[in-house]
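Structure, as structure tokens:
The chains referred to below are lettered A, B, ... by the order of the sequence lines, with proteins before strands, and numbering in each begins at 1. When reading the values below, keep in mind they use all heavy atoms of this one structure, side chains included, and skip hydrogens, waters and symmetry mates.
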Amino acid sequence: MTVVTRFAPSPTGFLHIGGARTALFNWLFARHHGGRFVLRIEDTDRARSTPEAVAAILDGLAWLGLDWEGEPVYQFARAARHAEAALSLLEKGLAYRCYCSPEELTAMREELKAKGLPPRYDGRWRDRDPSEAPEGVAPVIRLKAPQSGETVIDDLVQGSVTVANSQLDDMILLRADGTPTYMLSVVVDDHDMGITHVIRGDDHLTNAFRQTQLYRALGWETPRFAHIPLIHGPDGAKLSKRHGALGAEAYRDMGFLPEALRNYLTRLGWGHGDAEIFSSEQAAEWFTLEGVGRSPARFDMQKLTALNGHYLRTAEPARLVEAIVPRLEALLEAPLDADARARLTAGMPGLQERAKTLVDLAESAAFYVRPLPLPFEPKAKTAVSGDAGALLGALATELATLEPWTRESLEAFARAQAEARGLKLGQVAQPLRAALTGSTVSPPLFEIMEILGRAESLARLAALPA
RNA sequence: GUCCCCAUCGUCUAGAGGCCUAGGACAUCAGCCUUUCACGCUGAAGACACGGGUUCGAUUCCCGUUGGGGACGCCA
């Protein structure tokens, strides 16, 4: 049997990080088994679903590199099929019409709650004769769920979980307006799409019981369930927008690489021995549901950042240049010319070694492409003032005729100058660094000078702040 | 409130009864490297929530307590 997994987001917002991980686990599981990973857009809530949200989710998945097979299934388009399933249940006496108004149900819940009882539908229309139906009220269709016994799900992550059927009420299948509810749609779609493994957030665990009842009523075999633990914020509470329940594109904008986020998310709630850094191909080879933990995990920006630093250091320089050019152009409010790009390309190895995110990378690369005069950080300004100013003037004179202009000879020059003046190398190098970059932090000085070239270096030495 | 789930360093985790003097990673601290910052390297500190069982022996199995989380919609 071919494994078929799915990711089924509702398009009411962006692809948040928890959803991204759910998609990732489904993708990994399918790949591990040589199966298929498909997408279904759960857009049956017409009031809240938007095409923008669909686009955001698809973009997020694409950016993360989670490719799905075929075209996404739009759930709303299958409403007629869902209704047909509910009607078939009605015919078989496995479902019934309920004429309660929403107000009546709210009152029922509040009354039960006040008594300290669980807020459930009491089944008042379950066995009532349809002839008692009130005039002008459109009924909903409810499943005639078993009232005794228990429902057990054999979850691939959580193990065997049992709930008493008395805890579950008769769920609504079809709304008064004839549209299907989520419970019905999910079951029908998962069945029709041939989904073999439903891997989703733990918050759906209780839904699995109701869905199991529905599968039984419909006479269908249930898929295997795997409810993965939720991701929490740094404070252990449910992940909110304040923490990191941001869209995937927010992580992209913060300068994270998709492979870093994939690696991090894979490791969150899943482990394979001591493995920490691995490709997605490797992860797919290793990925099993047995490796998924059962407790919720907190989202840790620092670890993601550290991982991102690793992937940044090992990335292709050319790719990183392309990634930061738009950021730099936005920063400088001007397009970069070929000369600027050449400097970035030459300087990238030294730059990427030091960056943690693409945002850092762009910031630290900016000095290579800024027009003069350079903006100076306070510390850098201090570093080129006073005695250092005179020193830089003297060095500039010597530098004008230094041959050759290579990092090796520049270093030899700086060492010789330092020795001749009774200074430490750092006392010569720091003022130069500050003068050439406007900062006290940069890639190796002589590498910078070589890349900048003699003319630019001298121009910078001549354009120091007052 | 009812039901369900969870529980190893600050965080993510390894651990499937003796291999545990509980391992790794991030973060933290100290040092080395060094023209700055990173990287890298070395070292330090740091956890089995608690209480009962079961067993010759429990981090590992069972029960309870406590703590955390989730679900209880004509939302998905």
Side-chain angles (χ1 to χ4, degrees), chain A residues 8-12 42-45 47-49 75 98 100-102 105-106 109 112-121 138-142 155 158-159 161-164 166-169 171-177 179-183 185-186 201-207 209 227 229-230 232 234 236-238 264 267-277 290 293-307 309-310 313 350-356 360 364 383 411 414-415 418 424-430 432-434 437 439-446:
Chain A
S10 57
T12 53
E42 309 219 316
D43 56 352
T44 52
D45 184 347
R48 293 198 295 161
S49 299
Q75 193 161 59
C98 166
C100 287
S101 67
L105 291 171
T106 307
R109 263 182 231 112
L112 288 167
K113 246 178 178 165
K115 284 190 209 159
L117 294 169
R120 285 193 292 258
Y121 172 65
V140 299
I141 293 181
R142 288 182 183 269
D155 194 276
Q158 305 292 343
V161 189
T162 304
V163 78
S166 58
Q167 295 295 325
L168 276 13
D169 60 5
M171 73 185 114
I172 295 179
L173 266 19
L174 235 41
R175 301 187 183 102
D177 65 3
T179 60
T181 59
Y182 162 76
M183 287 293 177
S185 300
V186 177
D202 210 4
D203 50 342
H204 283 283
L205 185 60
T206 51
N207 288 335
F209 293 108
H227 290 91
L230 267 17
H232 287 167
K238 193 176 181 180
Y264 177 71
R267 198 66 190 71
L268 204 56
W270 174 84
H272 186 267
D274 285 338
E276 293 288 348
I277 294 177
E290 289 76 63
R294 285 183 296 174
S295 51
R298 300 188 190 199
F299 191 83
D300 182 6
M301 268 300 196
Q302 285 186 312
K303 191 158 182 177
L304 204 212
T305 304
L307 214 40
H310 166 82
R313 287 193 292 280
L351 255 14
Q352 71 191 98
E353 176 84 12
R354 294 165 171 72
K356 294 263 189 278
D360 290 349
S364 63
E411 177 166 357
R415 287 189 188 279
K424 286 185 176 176
L425 180 56
Q427 290 174 290
V428 171
Q430 269 313 84
L432 273 173
R433 182 193 314 282
T437 67
S439 168
T440 54
V441 176
S442 81
L445 176 64
F446 309 112

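- Nucleotide B/C19 forms a pair with no other nucleotide shown, judged by Watson-Crick or G-U wobble geometry with both contacts under 3.5 Å.
- Using a 4.0 Å heavy-atom criterion, one finds that A/Glu276 contacts the bases of the nucleic acid, with or without backbone contacts as well.
- Among the heavy atoms of the strands lying under 4.0 Å from A/Phe446 is at least one base atom, whether or not backbone atoms are also near.
- Between the side chains of A/Thr437 and A/Arg433, no donor-acceptor pair of N or O atoms lies under 3.5 Å.
- Across all strands shown, A/Pro229 has no heavy atoms under 4.0 Å from either base or sugar-phosphate atoms.
- Base-pair partner of B/A7: B/U66 (Watson-Crick or G-U wobble, both distances under 3.5 Å).
- The nucleotide B/U55 finds no pairing partner, because no Watson-Crick or G-U wobble arrangement with both distances shorter than 3.5 Å includes it.
- Between A/Gln302 and A/Ser295, it is A/Ser295 whose nearest contact on RNA chain B lies nearer the 5' terminus.
- In terms of position along RNA chain B, the nucleotide closest to A/Leu268 lies nearer the 5' end than the nucleotide closest to the other residue of the pair A/Arg48 and A/Leu268.
- One P atom belongs to B/G68, the other to B/U60, and the distance between them is 22 Å to the nearest Å.
- Backbone-only engagement by A/Thr162 is indicated by non-hydrogen atom pairs under 4.0 Å involving sugar-phosphate atoms exclusively.
- Contact annotation for A/Glu42: backbone-only contact, meaning every heavy-atom pair under 4.0 Å involves sugar-phosphate atoms and none involves a base.
- Residue contacts for A/Thr44: at a heavy-atom cut-off of 4.0 Å it reaches the sugar-phosphate backbone alone, with no base atom in range.
- Counting any heavy atom pair closer than 4.0 Å across all strands shown, A/Pro9 reaches no nucleic acid atom.
- Using a distance-only test at 3.5 Å, with no hydrogens or angles considered, no donor-acceptor pair links the side chain of A/Gln167 to the main chain of A/Ala164.
- When every heavy atom of A/Thr44 is checked against every heavy atom of A/Ser185, the shortest pair comes out as CG2-OG, 4.0 Å.
- Note on A/Gly309: nothing from the nucleic acid sits closer than 4.0 angstrom, heavy atoms only.
- Using the Watson-Crick or G-U wobble rule with both distances under 3.5 Å, B/U2 pairs with B/A71.
- Among the protein residues, A/Arg298 comes within range of the sugar-phosphate backbone only, with heavy atoms under 4.0 Å from sugar or phosphate atoms but none that close to a base.
- Among the atoms of the strands shown, base atoms are found under 4.0 Å from some heavy atom of A/Arg433.
- At the heavy-atom level, A/Val140 lies under 4.0 Å from base atoms of the strands shown.
- Ring pair A/His204/A/Tyr182 is tilted by interplanar angle, where 30° to 60° counts as tilted.
- Chain A approaches RNA chain B over the interval B/G1 to B/A76, counting the first and last nucleotide 5' to 3' with an atom under 4.0 Å from its heavy atoms.
- Both distances falling under 3.5 Å, in either a Watson-Crick or a G-U wobble arrangement, occur for no nucleotide opposite B/U36.
- Under the side chain to side chain contact (heavy atoms under 4.5 Å, CB included) criterion, A/Asp169 pairs with A/Arg120, A/Tyr121, A/Arg210, not counting sequence neighbours.
- Between the side chain of A/Ser10 and the backbone N or O of A/Glu42, no donor-acceptor pair lies under 3.5 Å.
- Using a 4.0 Å heavy-atom cutoff across all strands shown, A/Lys424 reaches no nucleic acid atom at all.
- Among the protein residues, A/Cys100 comes within range of the nucleic acid bases, having at least one heavy atom under 4.0 Å from a base atom.
- Under a 3.5 Å cut-off, the side chain of A/Thr179 and the backbone N or O of A/Arg175 do not form any donor-acceptor pair.
- Residue-level contact check: A/Asn207 touches the bases, meaning some heavy atom is under 4.0 Å from a base atom.
- Without hydrogens or angle criteria, A/Tyr264 side chain to A/Asp300 main chain gives a donor-acceptor distance under 3.5 Å.
- Pair assignment for B/G43: B/C29, on the basis of Watson-Crick or G-U wobble contacts that are both within less than 3.5 Å.
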